[in-house]
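Have a look at the structure below before the remarks.
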Amino acid sequence: MSRVRFLLAFAAALAALWVAPLVLPIGDYTHNIVGLTFMFMAAALAWNWLGGYVGQISFGHAAMFGVGGFVAARIMLSSGLPFSVAWLLGGLAAGLFGLLWGHPTLRLRGPYFSIATIGVGEATRLVATYWSDFTGGSSGLSLPLAGNPTKYQLYWYGLYLLGGAVLISYGLARSRIGLGLSAIKEDVEAAGDLGVNPTLYQDIVLFLSGTMVGVCGGFYASYQAFIDPQDMFSFDRSIGLILMAVIGGIGTVLGPVWGAIVFVIIQEFLLANYSELYLGLYGALLILIILFEPLGLTGLVRRLHRLAIPVRRAT
Amino acid sequence: MNRSTVFVGVTVLLLTGCVPSKDTDDDSANTAIPDKIVIGSTLPLTGTESKTGGRFKQGYELAVEVENADGGIDLGGKKVPVQLNLLDDTTDQAKAVNLAQRLITQDKVNFFLGTYSTAVVEAQSTVAEQNQIPYVNGGGAATSIYAKGFKWVFGTLAPVANLANTEMQWIDQQQAAGALPKPARVAIVWENTSHGKDFRKGVQDFTAAHSSGYQVVTDESFALDGKDFSAILSKVRGAKADLLMIDAHLPDFITMQRQYLSSAMCTKVLTYGARGTESDARTALGAEGVNYILSAVWWNKQLGNAGLNKEFVDKFKAKYGTDPEWYQALGYEAARSLFTAIAQAGTVDKEQVRAKLSALTMDSILPGGKLSYPADKGGQADYPFVVQQNLPDGTSPIIYPADVANGKGVAPNPACKG
Amino acid sequence: MGEVVVLAVSAVLLAGFYAAMAYGLGLIYGVLRIVNLAHGGIIMASAYVTWQLFDRFAIDPFLAIPIVLVVFFAIGVGIYLGLVRFLPRGPAGAVQSLLLLFGVWLVIRNVAYLLFTGNEQVIHTGYATSSVRILGGSFSATRLAVFAVATVALFTLHLLLTRTYLGKAIRAVAQNPDSCTLAGINVERIYVFTFGLGTALAGLAGTLASTLFAFNPSFGASELLKSFVIIVLGGLGSIVGIALGALVLAFAEVFAVYAVPPYLTTAVGFVLLVVVLVLRPGGLFGQRVLR
């Protein structure tokens with residue numbers, strides 16, 4: 001897709017989603033869930049910048065989600081700053097935290113990096129639960145209900161988050177940085193020979209990814225109005241981001257968005273009826289995708305597309 | 001390039017643009033008598049907490065059935081049946097919040113009965129407060145839930161600090177009778193959850209108020225699902241504690257008690273908070289492994305010899321064929337207190353029912369015999385626990401408070417040598 | 001002084017369990033370069049199998065070990081032939097195997113949940129709380145038995161890998177699969193066998209865990225995470241390294257109470273993991289290939 005066509009489609013989709021709740025008769029519940037899903041899409045996209053574009057699978061993104069959420073919550077509790085500023089500051093803190101552990105560990109490749117992120121995620125969860133002066137410890141933090149946007153309004157803020165994440169996803173993939181990232185993904189040493197500085201590029205991506213996930217954490221804090229470390233930093237949260245990206249198509253520009261939709265549909269609709277089966281369902285889905293369509297939904301759609309329009313170009 | 005810049009510009013404008021807002025539904029006084037009263041609720045019916053969630057469900061459903069047996073709640077002379085709209089929140093905070101939002105704003109339930117486990121209740125109760133709907137729960141004990149100045153949230157579980165406090169009162173009695181040393185050396189070991197924190201606070205408050213009688217020598221927290229407690233137990237041993245006051249959930253209780261026993265430790269008094277009487281514990285540790293462990297719970301069926309308690313236990317047995325435990329009793333009482341407040345208000349108007357809940361004092365099956373939601377405790381009920389002790393004959397009688405005791409406690413632990 | 005000795009013995013006993021927990025993960029990684037994220041699920045499944053054998057047929061958990069080894073060897077072979085075989089080799093395969101085996105874990109968890117519900121289960125043997133005196137301290141007989149089994153497993157594995165033709169073939173494949181093919185070793189069969197053996201060892205860990213701890217379908221997560229710490233400390237793929245890594249972790253956790261609050265002792269392991277990966281990716285003892 002050319003840049004202009006992409007931006008046109010993007011603006012149209014954004015506008016349609018912006019007015020949708022005002023003209024369509026969707027209930028409050030669906031409205032809220034969609035708003036929350038926007039946030040998950042943004043977080044999954046951000047995970048994908050590192051996990052998909054660079055191929056560094058992080059099992060520790062909950063750490064940035066939690067740091068962003070708690071910093072934002074602390075700022076909202078202790079100062080009169082508007083929530084959007086608090087989210088941004090929380091995101092920045094999360095991005096910096098990401099750099100703190102990411103700069104040394106991103107030298108590691110493949111499973112070594114993944115294992116290190118598991119260590120980072122778990123250590124952060126334990127320390128955050130212990131550090132009750134900051135996070136409220138195991139009792140968590142409650143946000144004041146006044147001064148926070150309502151769940152109704154958060155729909156649009158979620159949409160903006162998503163819009164920002166999509167633009168960055170697209171920009172990263174199409175920019176010089178994106179080329180450098182795929183070079184790193186293919187072969188780090190060769191990328192270095194080509195004049196790509198792997199350390200710098202990976203640091204930039206992790207900082208962006210951590211900041212976006214941290215802002216999402218702030219959004220989640222406003223949405224829930226109560227956060228506690230065991231929930232914010234949980235291993236399952238990191239896993240959720242991975243599942244969304246993989247289901248939708250790891251490394252593709254928009255795959256995580258579709259993945260998040262499937263993820264939420266499974267949670268909301270199948271879970272309601274077959275709640276005993278949802279874990280296994282995710283598991284089976286993961287197995288099927290890895291074995292048969294490593295690019296997930298995106299790969300599936302591309303394949304169908306090729307079937308429908310057999311010979312058009314030879315790519 | 002030009003055009004794309006325009007699009008980016010438009011997007012930025014949109015981003016800075018304002019966000020629509022909506023007037024909250026005007027819930028002006030609704031005094032019409034409806035055909036039925038709909039109570040919304042969520043509980044963890046699957047997942048790790050499913051066992052407990054299922055027990056609360058039994059309590060809620062029994063209360064509804066009893067209420068509907070004579071036609072329902074009396075609203076100004078007309079009997080209106082109660083309908084429970086219960087969903088599964090799988091112990092997931094986000095899910096519990098979203099489902100509550102759906103029940104309240106979309107399904108327009110009249111009132112809400114809360115879910116189980118403290119963190120989930122804490123997250124969910126904010127929804128009730130935002131939407132101004134009476135929210136009664138039997139599953140959230142942490143004092144932090146009730147310390148936020150919420151007006152619409154009521155809790156039937158007394159704080160866990162009371163658990164520690166009631167146990168300490170019994171210990172104090174033993175000390176006064178000369179059975180325990182004075183001052184006694186106290187070790188507090190608590191799981192780092194809000195349950196454990198409140199337990200610790202209860203012990204600390206008591207020992208601070210009776211500083212001549214007690215000296216805290218160890219105070220440590222631990223992470224859930226520990227694999228080895230030898231280091232903590234070694235600290236306790238090194239501190240020569242007389243009273244070992246632990247708060248743990250079942251898996252940690254089992255691991256820790258196995259290590260305590262096999263390392264030949266023996267403190268004069270040992271408690272794991274609410275743990276120790278359940279059949280799982282006896283299976284895991286053997287009858288001898290749980291001897292003389294002190295435990296305290298919110299309710300026990302041994303209270304059920306007369307009056308309301310007998311009524312509850314009989315009805316429960318008739319419906320489910322088993323004996324109730326504290327979970328079912330608390331669910332039952334939470335629901336019953338809500339129904340009582342609705343009947344007192346004589347309407348389904350939320351504000352009026354809230355006011356009645358806030359002023360409520362009703363006869364109850366809970367220890368102390370009365371249930372109320374005192375405003376100075378933020379709407380959390382406040383009553384003593386029942387302290388039990390496992391005895392070698394396999395029974396676990398209530399040993400404290402004296403007015404409900406049906407057995408005599410033993411201290412110091414006779415199994416200890418020297 | 002006495003307390004330090006008692007703690008040291010506790011740490012050694014704990015290290016026994018930790019080592020047994022990590023053998024399977026380390027072996028599979030060392031030979032196939034695959035991180036078996038289903039490891040925790042296998043441990044949990046084996047705890048349930050052991051419990052069923054104990055509950056229904058009154059088979060003592062320690063006597064059940066041969067049965068468990070056979071059953072989980074077969075399960076491992078099944079997982080390899082049915083799923084893992086189809087993954088591409090190399091870096092792409094490494095990432096995909098993480099996700100695939102994570103999927104397997106989720107399925108195992110769900111099956112356990114459907115069969116046995118989410119309730120805690122325990123195995124109460126007659127000797128669950130009996131104790132043995134060592135060096136002036138009193139220690140759990142069960143923990144001692146677990147340590148003994150882990151030690152026997154260590155020596156058996158070491159002998160298998162160094163003294164038998166099969167073991168030598170496994171080590172050769174671990175070092176260079178391509179030249180093994182040239183030398184006439186059936187690499188695929190070595191992979192099948194190793195995955196089966198690694199899974200059987202995870203099964204062994206599950207049986208041992210079931211004698212010490214209560215378990216439910218989500219059991220195994222912390223075992224998996226700690227196994228990572230151990231194989232990283234030990235240098236990813238060396239059996240003796242794993243035993244040493246387990247010792248380091250156990251001592252760090254037990255003695256950390258002198259430096260940090262007990263609550264944070266678990267975090268010490270994870271911090272160690274990251275630090276060692278960054279500073280000494282070859283492990284504390286500098287071994288990188290399977291020995």
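As the structure is a prediction and not an experimental result, all values here were calculated from the model. Heavy atoms only: backbone and side chains are in, while hydrogens, waters and symmetry mates are out.
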- Task: Output every pair passing salt bridge (Lys or Arg N to Asp or Glu O under 4.0 Å) with a member in residues 285-298 of chain A, not counting sequence neighbours, ordered by first then second residue.
- Result: E293(A)-R303(A)
- Query: What closest approach, in Å, do L98(C) and S114(A) show between heavy atoms, and which atom pair accounts for it?
  - Reply: CD1-OG, 3.5 Å
- Can you tell me how far CG of L25(C) sits from CD1 of I115(A), rounded to the nearest 0.5 angstrom? 7.0 Å
- Name, in order of residue number, those residues of residues 200-211 of chain A that have a heavy atom at a distance of less than 4.5 Å from a heavy atom in chain C; otherwise write 'none'. none
- Answer with side chain, backbone, both or neither: which region of L37(C) has an atom nearer than 4.5 Å to a non-hydrogen atom of chain A? side chain
- Please look at I242(A) and chain C and tell me whether the side chain, the backbone, both or neither of the residue comes under 4.5 angstrom of a heavy atom of that chain. side chain
- Query: Can you list the residues that meet the salt bridge (Lys or Arg N to Asp or Glu O under 4.0 Å) rule with R237(A), with sequence neighbours excluded?
  - Reply: D231(A)
- Whatever's closer than 4.5 Å to a heavy atom in chain A on I108(C) counts as neither
- Task: Apply side chain to side chain contact (heavy atoms under 4.5 Å, CB included) to V120(A) and F270(C), showing your working.
- Result: CA-CA 7 Å; V120(A) 169; F270(C) 294 117; over 6 Å; no
- Message: Is it true that, when you exclude W258(A) itself, more than 12 heavy atoms of the residues, nucleotides or ligands shown sit nearer than 6.0 Å to its CH2?
- Response: no
- Message: Taking side chain as everything from C-beta outward and backbone as N, CA, C, O, which of these in I239(A) sits under 4.5 Å from a heavy atom of chain C? Side chain, backbone, both or neither.
- Response: side chain
- Message: With a 4.5 angstrom heavy-atom cut-off, is it the side chain or the backbone of L99(C) that approaches chain A, or both, or neither?
- Response: both
- Query: Pick from Y282(A), Y130(A), W101(A): which one has the most heavy-atom pairs with chain C under 4.5 Å?
  - Reply: Y130(A)
- Audit row: I290(A), L83(C), side chain to side chain contact (heavy atoms under 4.5 Å, CB included) steps and yes/no: CA-CA 10 Å; I290(A) 296 299; L83(C) 301 170; over 6 Å; no
- Message: For the interface with chain C, which of G55(A), G51(A), A123(A) has the highest count of heavy-atom pairs at distances below 4.5 Å?
- Response: A123(A)
- Message: At a 4.5 Å cut-off on heavy atoms, which part of I57(A) comes close to chain C: side chain, backbone, both, or neither?
- Response: side chain
- Task: Specify the closest pair of heavy atoms between L277(C) and A116(A), including all atoms of both residues, with the distance to one decimal.
- Result: CD1-CB, 3.4 Å
- Message: Keeping R107(A) on the side-chain end and V278(C) on the backbone end, is there a donor-acceptor pair under 3.5 Å?
- Response: yes
- Query: Of the listed residues (L225(C), V271(C), V111(C), L101(C)), which shares the most heavy-atom pairs with chain A below a 4.5 Å separation?
  - Reply: L225(C)
- Note on the structure: For L100(C) and L291(A) the tightest heavy-atom approach is CD1-CG, 3.9 Å
- Item | Side chain, backbone, both or neither of F113(A) within contact of chain C (heavy atoms, under 4.5 Å) | neither
- Residue part contacting chain C, namely of V246(A), when any heavy atom lies under 4.5 Å: side chain
- Please state whether the side chain, the backbone, both or neither of V274(C) comes within less than 4.5 Å of a heavy atom of chain A. side chain
- Task: Could you tell me which residues in residues 254-264 of chain C have at least one non-hydrogen atom under 4.5 Å from a non-hydrogen atom of chain A, sorted by residue number?
- Result: P261(C), Y263(C), L264(C)
- Item | From Q96(C) atom CD to I289(A) atom CD1, the distance as rounded to the nearest 0.5 Å | 11.5 Å
- Query: If you measure from CG on L273(C) to OG1 on T105(A), what distance do you get to the nearest 0.5 Å?
  - Reply: 10.5 Å
